[in-house]
Amino acid sequence: MAAPMLRWGSPGRRWALAWGDGGFRQRRGSPTGSASNRVRGQSSGAQQLLDTAQKPRKGKHEWAALVGLEIHAQISSNSKLFSGSQVRFAAPPNSLVSFFDASLPGTLPVLNRRCVEAAVMTGLALNCHINKKSLFDRKHYFYADLPAGYQITQQRLPIAVNGSLTYSICTGKKQSQMITKTVRIKQIQLEQDSGKSLHDDLRSQTLIDLNRAGVGLLEVVLEPDMSCGEEAATAVRELQLILQALGTSQANMAEGQLRVDANISVHHPGEPWGIRTEVKNLNSIKFLAKAIDYEIQRQIDELENGGEILNETRSFDYKLGCTMPMRDKEGKQDYRFMPEPNLPPLLLYDATSLPAGTDSQQVINIDQIRERLPELPRVTRERLIQQYGMLPEHGFALLNEVGLLEFFQNVIKETRAEPKKVTSWVLNIFLGYLKQQNLAISESPVTPSALAELLDLLDSKAISSSAAKQVFDELWKNEGKTPAQIVSEKQLELMQDQEALEQLCCAAMELHPQVVMDVKKGHPRAINKLIGIVRKMTLNRADPAVIKEILEKKLSS
């Protein structure tokens, strides 16, 4: 089948023959596919709930939970999927709406090349098979913020299928053990977003903002291979990091760029799966885990009390911490899927199938996109472990906070301190201050250069570790001073006069003979009291290791 002729549109790079997508509008009854019917191990974060769910209770059988996800990620693009309207968060209502977005008669879709490339790149990163031919459909339902009465989606033949997402969960008392799990990806499809309903309770009216209508989305459908809220939340977070690394989506959940629908059911191991419910529009990793765990326990309680589970759509009330019924589920027939008549099949190529003499601007080459794949989070973590000798959990921590890895690497470039020391300061001190004040990395008053200079002072033994923390606290106050200036003004330099330090150690031993006797009687911890006394005499300006060395020498003589 010959490729359709394409042209560039404006604004943005677009194609003349629109090749479609499917919408995010509240999906009803989308299948999550099959999965092996085995009991899956539970992870630590939701352990209390799931331990309760899986323990035999008063003659009852144990329970197993199945969780599948439908994830909608907004594609990073300057314009919408089928129109030239701009995409901008928090723009004035209805200021970014084209005739096509408003579904005026006679308007036709024009596909955004960027969105197709983003879908292919995401599929490759998630180990999917990329279909060289994919189709578009109309999915009908009627809602105020969907002016056409249907969405363009990929129901029959999506752009990517049969992938996998690998993620790791930290377990153990110190969260230092890693358990790696894999969830299958059923499909990835392009689709257009709907508008937004704004409810005015004071005036008892609902207003419609169509700025979001037609924005390009990637729907990633995960098979029900997860068994608790923590697993689902960790998988979504890993996908979020992948999308951000690829640049295919900013995946900012606070701005609605990543939304999750969770399909949940429970059953007795070895028996048929239970009836599932769907929890809609979860826009927080934290609430996703809570909603799933609550729904699992709710279904177990309902069944053990003789009730039944309804095939319904529910929402999560984060204030009450529970799911609430929204509506009964509808079958696929209610959507009245039909082929999209205004969009020809989307044809993709690779190096082996690309026709001779083809204009590269008119087609998408899968192999060229594969060559542009950046380093993915899993590879980045492995590199950090090998390059800096850090623990696996430290690699996860650096990637989990937006901008933290870049901050860490900038500190590494400018300091002589060992990577292990830098890792400790960034993850414990720096990140701790940020979380205490609920600040983003970009809002930190301490720059990588300032922290690097501080660590150099500590590494050269110009200051003690306790003095370094005092200097950091002063830096956090953002008074525009360098670490060296703070050290000088507050006289935090370590004592370099060895003779004076020896005299102070002798004085401390003479003033506290009982402590000296305790050390000589075989109580090694008693020396710490002497070290503390000497440090106090030096106003904490002496290195504890040097003090200990002097004391041990004098006590043994």
Side-chain angles (χ1 to χ4, degrees), residues 1-10 12-31 72 75 77 79-85 87 97-120 123 130-161 187-195 210 212-219 221 330-349 362-364:
M1 183 175 182
M5 293 300 294
L6 306 172
R7 64 173 171 81
W8 297 115
S10 179
R13 299 166 60 185
R14 315 194 67 78
W15 292 353
L17 294 180
W19 301 346
D21 136 326
F24 170 77
R25 196 56 201 141
Q26 296 175 341
R27 291 191 49 149
R28 311 193 252 294
S30 177
H72 301 84
I75 299 172
S77 173
S79 52
K80 295 183 180 180
L81 184 59
F82 295 124
S83 79
S85 297
V87 177
V97 185
S98 69
F99 291 156
F100 178 79
D101 302 331
S103 301
L104 296 186
T107 56
L108 294 174
V110 180
L111 183 62
N112 185 337
R113 179 187 182 108
R114 158 63 184 165
C115 292
V116 178
E117 291 177 335
V120 173
I130 307 298
N131 287 321
K132 294 182 180 178
K133 175 182 177 181
S134 56
L135 305 174
F136 297 88
D137 305 274
R138 289 185 179 182
K139 172 181 156 186
H140 295 80
Y141 61 91
F142 297 93
Y143 205 74
D145 56 16
L146 188 71
Y150 64 84
Q151 283 182 309
I152 302 173
T153 187
Q154 293 188 303
Q155 166 65 19
R156 294 169 295 163
L157 189 58
I159 196 168
V161 296
Q187 65 189 55
I188 299 175
Q189 61 196 52
L190 282 164
E191 58 185 28
Q192 58 182 170
D193 208 341
S194 61
L210 292 180
R212 203 175 67 183
V215 168
L217 298 175
L218 291 174
E219 179 174 357
V221 181
E330 298 175 2
K332 281 195 293 185
Q333 67 275 12
D334 295 313
Y335 286 126
R336 294 180 292 115
F337 283 103
M338 59 170 283
E340 169 54 58
N342 295 322
L343 295 171
L346 171 56
L347 300 180
L348 307 176
Y349 298 89
Q362 289 291 319
V363 298
I364 285 183

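- At a threshold of 4.5 Å between non-hydrogen side-chain atoms, the residues Leu146 and Lys139 do not count as touching.
- When all heavy atoms of Gln154 and Gln189 are compared, the pair lying nearest together is O-OE1, 3.3 Å.
- Closest non-hydrogen pair, Leu81 versus Cys115, comes out as CD1-CB, 3.4 Å.
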query: For Val215 and Lys80, what are the C-alpha separation, side-chain angles and deciding distance, and is it a side-chain contact (heavy atoms from CB on, under 4.5 Å)?
result: CA-CA 5 Å; Val215 168; Lys80 295 183 180 180; 4.2 Å; yes
side-chain contact (heavy atoms from CB on, under 4.5 Å) evaluation trace for Val363 with Leu347: CA-CA 8 Å; Val363 298; Leu347 300 180; over 6 Å; no
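- Counting all heavy atoms, side chain and backbone alike, Ile188 lies closest to Gly123 at CD1-CA, 3.7 Å.
- You'll find the side chain of Tyr150 reaches within 4.5 Å of the side chain of Glu340, heavy atoms only.
- No donor-acceptor distance shorter than 3.5 angstrom exists from the side chain of Asp101 to the backbone of Leu210, with no hydrogens or angles considered.
- Side-chain atoms of Ser79 and Arg114, non-hydrogen and from C-beta on, never get closer than 4.5 Å to each other.
- Between His140 and Met338, some side-chain heavy-atom pair lies under the 4.5 Å cut-off.
- Atom CG of residue Asn112 and atom CD of residue Glu117 lie 9.0 Å apart, to the nearest 0.5 angstrom.
- Minimum heavy-atom separation, Pro339 to Arg156: CB-NH2, 3.4 Å.
- Using modelled atom types and a 3.5 Å distance limit, the side chains of Ser194 and Gln151 yield no donor-acceptor pair.
- Side chain of Ser98 to main chain of Ser85: no donor-acceptor pair is present (N/O by atom type, distance under 3.5 Å, no hydrogens or angles).
- The heavy-atom pair separating Arg212 from Gly195 by the smallest distance is NH2-O, 3.0 Å.
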message: Set out, in order, the CA-CA distance, both residues' side-chain angles and the distance that settles side-chain contact (heavy atoms from CB on, under 4.5 Å) for Ile75 and Leu217, then state yes or no.
response: CA-CA 5 Å; Ile75 299 172; Leu217 298 175; 5.7 Å; no
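- A pairwise comparison of heavy atoms in Ala102 and Pro147 identifies O-CB, 3.8 Å as the closest pair.
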message: Test side-chain contact (heavy atoms from CB on, under 4.5 Å) on Leu346 and Ile364; report intermediate values, then the result.
response: CA-CA 10 Å; Leu346 171 56; Ile364 285 183; 5.9 Å; no
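- Applying the ring pair (Phe, Tyr, Trp, His ring centres under 6.0 Å) test to Phe100 and every residue at least two apart in sequence or in another chain returns nothing.
- Atom-to-atom distance recorded for Phe82:CZ and Leu190:CG is 7.5 Å, nearest 0.5 angstrom.
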